[in-house]
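Naming: A, B, ... by sequence-line order, numbering from 1 per chain. Fair warning: this is a prediction, and the values are worked out from it, not measured in the lab.
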There are 2 protein chains.
Amino acid sequence: MSEIGIKDIAAKANVSTATVSYVLNGTRNVKLNTRERVLRVIQEMNYKPNNAAQSLKRKRTNTIGVIAEDVTVFNVPEIIDGINDCADRMDMHILLTNLRLDKRIGREFDRMDSYRHYADNAVSELLSKQVEGIIYIGVHPRDLTGFIDTFGKPIVYTYSYTHHDLSIQYNDEQASYDAMAYLVQKGHTRIGIISGVMDSTPSRLRFNGFYKAVTEYELPFDPQLIKIGDWEAESGYRLTLELLELEQPPTAIVAMNDVMAVGVIRAASEKGVHIPKDLSVIGFDNREFSNYLIPRITTMELPLHEMGYQAMESLALLIKGEKVEKQPMPSCKLIERESVAAPRIR
Amino acid sequence: MSEIGIKDIAAKANVSTATVSYVLNGTRNVKLNTRERVLRVIQEMNYKPNNAAQSLKRKRTNTIGVIAEDVTVFNVPEIIDGINDCADRMDMHILLTNLRLDKRIGREFDRMDSYRHYADNAVSELLSKQVEGIIYIGVHPRDLTGFIDTFGKPIVYTYSYTHHDLSIQYNDEQASYDAMAYLVQKGHTRIGIISGVMDSTPSRLRFNGFYKAVTEYELPFDPQLIKIGDWEAESGYRLTLELLELEQPPTAIVAMNDVMAVGVIRAASEKGVHIPKDLSVIGFDNREFSNYLIPRITTMELPLHEMGYQAMESLALLIKGEKVEKQPMPSCKLIERESVAAPRIR
DNA sequence: ATAGTCTATCTAAACGTTTAGATATAAATT
DNA sequence: AATTTATATCTAAACGTTTAGATAGACTAT
């Protein structure tokens with residue numbers, strides 16, 4: 001702790017501590033003369049108010065907790081950046097807790113009790129730290145809601161699908177629809193889909209967008225074109241091979257993430273199928289590598305920064321006790337690169 | 001704030017607040033009987049000590065500040081993960097500040113005063129928040145040292161080269177040497193280098209490792225094989241083209257980062273040079289995409305987690321006022337993949 | 001000149017803990 | 001039984017701010 005306190009300033013400036021506090025916070029008028037004197041002393045002595053004391057008295061910490069399931073997952077830093085960006089403007093600070101879920105309890109999540117244990121702990125510590133609210137970044141927030149509500153602190157979720165009022169998400173259905181629309185506009189009608197695991201909400205939503213496009217554009221619907229992947233590159237590879245072996249292969253493939261798109265490229269390159277001349281590919285996520293592959297992948301960028309920003313905005317509103325009306329979901333943005341072209345005329 | 005305080009617990013459990021505090025902190029003996037009673041009441045009322053009050057009295061916040069120049073830079077989250085991992089074990093919390101340097105003042109850093117402004121602000125706020133120390137993650141920490149030392153709080157730098165005692169870095173020279181040694185062991189003697197920008201310390205250190213290997217293994221030294229890049233893919237592309245046009249082109253290339261290695265691959269693929277049969281490539285960083293390219297790039301992985309962990313460990317020591325003896329630098333690890341093979345016999 | 005208004009500053013209590021020292025009770029020693 | 005020692009608990013001050021209410025001085029309106 002800095003050893004010098006408001007008393008030292010008051011003494012040296014020949015005023016009461018109250019006056020010092022007033023110039024610091026601007027809560028009452030202070031004569032220009034004395035204000036300047038106080039400010040000078042503060043400067044000279046390098047005084048910084050003790051935030052612990054302030055928080056105690058003010059009953060406000062200006063701090064929120066951010067719980068991330070794993071900060072090293074690709075989309076998390078960008079979200080944090082968005083949160084931070086907004087927090088900065090509102091003079092809020094971020095107490096970060098990284099659950100390290102994958103590393104601690106493995107990828108299986110078979111032991112949800114263990115997950116709850118870590119999550120509860122994190123929340124508990126943050127609450128004790130007097131955070132004014134919490135933002136949760138991750139895909140496994142179930143059950144957390146009830147727990148936190150016990151303490152009457154607001155919480156908002158990002159990057160996760162909860163039934164909780166405040167779950168900030170991007171418009172997944174629209175994104176998928178837009179990807180299809182883009183391909184249709186390029187002239188494609190036989191479009192293959194490689195999905196993520198079926199029990200994930202993004203997969204389902206993206207299918208919705210897909211079907212919506214199929215019916216709206218009156219595309220011929222062929223169930224053979226729909227392949228269930230698992231988000232990993234290998235599944236993209238394997239399923240593309242299957243797609244290419246079809247009697248009438250698709251002229252374009254939508255992979256529900258860039259990682260699987262990598263598999264598509266690998267399969268195509270092995271089979272001598274040229275991308276984009278023989279086959280167009282669209283990915284999702286705009287992962288950095290998507291710009292480094294040959295060809296550079298056209299992909300749907302997720303509005304991560306915006307999501308973080310919006311989450312912080314909503315949380316701030318909740319903290320102030322204001323109603324937060326549902327905002328429009330931030331939407332994805334198509335990044336056009338080299339992996340899409342018009343289909344060959346046969 | 002949770003409305004219930006230690007007084008409420010004390011009242012309901014028929015003891016003084018002191019006793020409650022003792023059972024909470026274990027600072028004095030409390031009869032088993034009463035301890036249990038107090039604990040029960042605490043449970044029932046869902047009481048969490050007010051951390052602001054605790055900090056104020058204890059003069060300890062158990063909080064450190066982490067300043068990142070940009071959390072979205074690829075290596076930062078992993079470092080934060082390491083810090084967090086260690087902090088967890090020591091019951092320390094992390095107050096995160098993201099400078100967003102690139103986004104705020106552009107990539108030029110021509111306005112270092114502006115940088116100082118943001119950095120100073122961040123430090124100032126953290127100090128006011130009573131952090132017990134600071135970890136700085138970034139490459140531009142100059143001048144910060146003096147500023148913080150003013151307040152007598154310890155600071156440790158990561159991922160940056162300072163003359164400050166406590167700058168946690170990995171062994172760059174060794175990494176470069178190891179990369180060379182690996183290629184030599186595969187049979188290469190004509191090895192091209194594509195460096196990062198010359199005025200960066202990593203570039204210089206990696207050159208040192210390179211020269212060390214050249215002399216130790218008595219490789220023929222040809223200045224034509226040394227190309228100065230700028231960390232970007234395009235430079236890797238352009239310089240590889242130059243290298244391939246040499247009368248006697250190299251049989252292997254070390255690119256000082258994976259991004260430039262992408263350029264190497266692009267150039268090779270355009271020229272019909274097969275990797276790894278005709279040309280071997282090693283990158284640095286083990287970026288995620290390096291595993292998705294064709295071929296998968298063999299690369300040097302940076303010990304980011306370990307650096308973060310070590311930074312936190314050292315900081316904790318400093319906070320306790322203990323001397324921290326210089327630890328051995330964490331070293332990089334070669335990730336063997338598909339981009340290196342023995343050179344063709346001609 | 002007197003009362004009323006403003007303005008600038010001060011006094012002192014409060015925020016919710018921790019903790020040194022006081023006190024009361026029980027156990028051990030004589 | 002009287003004294004000492006050990007154990008369990010209590011009392012109250014302190015941590016460094018903020019802020020309601022008091023006070024004093026200067027200005028305004030009568």
Side-chain angles (χ1 to χ4, degrees), chain A residues 1-39 41-42 45-63 91 93 125 127-132 151, chain B residues 1-39 41-42 45-63 91 93 125 127-132 151:
Chain A
M1 312 282 119
S2 337
E3 296 88 351
I4 54 155
I6 201 172
K7 282 184 202 157
D8 304 290
I9 305 299
K12 194 143 186 181
N14 256 315
V15 291
S16 73
T17 61
T19 306
V20 178
S21 177
Y22 294 140
V23 348
L24 237 28
N25 302 303
T27 31
R28 274 200 199 177
N29 272 339
V30 175
K31 211 159 67 180
L32 185 66
N33 183 8
T34 56
R35 186 214 307 294
E36 278 174 348
R37 181 156 33 96
V38 170
L39 251 19
V41 175
I42 286 174
M45 304 188 78
N46 232 330
Y47 165 72
K48 302 254 174 283
N50 181 323
N51 185 268
Q54 290 183 317
S55 298
L56 179 58
K57 194 76 222 319
R58 290 179 180 162
K59 308 206 168 202
R60 289 217 46 190
T61 54
N62 284 321
T63 303
D91 244 311
H93 293 254
E125 297 224 346
L127 287 175
S128 178
K129 276 267 173 194
Q130 311 302 118
V131 297
E132 301 182 15
F151 294 87
Chain B
M1 312 281 120
S2 337
E3 298 87 351
I4 54 154
I6 202 170
K7 281 183 202 158
D8 304 290
I9 304 298
K12 193 143 187 178
N14 255 314
V15 290
S16 71
T17 62
T19 306
V20 178
S21 177
Y22 294 139
V23 349
L24 237 27
N25 302 302
T27 30
R28 273 200 199 177
N29 272 339
V30 175
K31 213 159 69 183
L32 185 67
N33 183 7
T34 56
R35 185 213 308 295
E36 278 174 348
R37 180 156 35 96
V38 170
L39 250 19
V41 175
I42 286 174
M45 305 189 74
N46 234 332
Y47 165 71
K48 302 255 174 282
N50 181 322
N51 185 268
Q54 290 183 318
S55 298
L56 179 58
K57 194 75 222 319
R58 288 180 181 159
K59 307 205 168 201
R60 288 216 48 190
T61 54
N62 285 320
T63 303
D91 245 310
H93 292 254
E125 295 224 347
L127 288 174
S128 178
K129 276 265 171 197
Q130 312 304 117
V131 297
E132 302 182 14
F151 295 85

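- Look at NZ on B:K48: it is 17 Å from P on C:dG16, rounded to the nearest Å.
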Give me, pair by pair, the N or O atoms of the protein and of nucleotides 8-12 of chain D that are less than 3.5 Å apart, along with how far apart they are.
| unit_1 | atom_1 | unit_2 | atom_2 | d |
| --- | --- | --- | --- | --- |
| D:dA8 | OP2 | B:N29 | ND2 | 3.4 |
| D:dT9 | OP1 | B:T34 | OG1 | 3.2 |
| D:dT9 | OP2 | B:K31 | N | 2.7 |
| D:dT9 | OP2 | B:T34 | OG1 | 3.1 |
| D:dT9 | O4 | B:R28 | NH1 | 2.6 |
| D:dC10 | OP2 | B:S16 | N | 2.7 |
| D:dC10 | OP2 | B:S16 | OG | 3.2 |
| D:dC10 | OP2 | B:T19 | OG1 | 2.7 |
| D:dC10 | N4 | B:Y22 | OH | 3.3 |

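- When the side-chain nitrogen and oxygen atoms of A:N51 are compared with OP1 and OP2 of D:dT17, none of them lie within a distance under 4.0 Å.
- D:dG16 atom P lies 10 Å from atom OH of A:Y47, rounded to whole Å.
- End-to-end axis angle of the helix from C:dA1-D:dT30 to C:dT30-D:dA1, using five pairs per end and rounding to 10°, comes to 50°.
- C:dT17 atom P lies 8 Å from atom CD of A:Q130, rounded to whole Å.
- The distance between atom CG of B:L56 and atom P of C:dA14, rounded to the nearest whole Å, is 17 Å.
- Spacing between atom CG of A:N50 and atom C1' of C:dT17 amounts to 14 Å, rounded to whole angstrom units.
- If you take NZ on B:K57 and CG on A:L56, they are separated by 12.5 Å, rounding to the nearest 0.5 Å.
- The CZ atom of B:R58 sits 17 Å away from the C1' atom of D:dG16 (whole-angstrom rounding).
- Qualifying side chain to side chain donor-acceptor pair (under 3.5 Å) partners for B:T34, counting only residues two or more places apart in sequence or in other chains: none.
- Taking atom NZ of residue B:K57 and atom P of nucleotide D:dA13, one finds them 13 Å apart after rounding to whole Å.
- Note: CZ (B:R60) to C1' (C:dT17) measures 16 Å, nearest angstrom.
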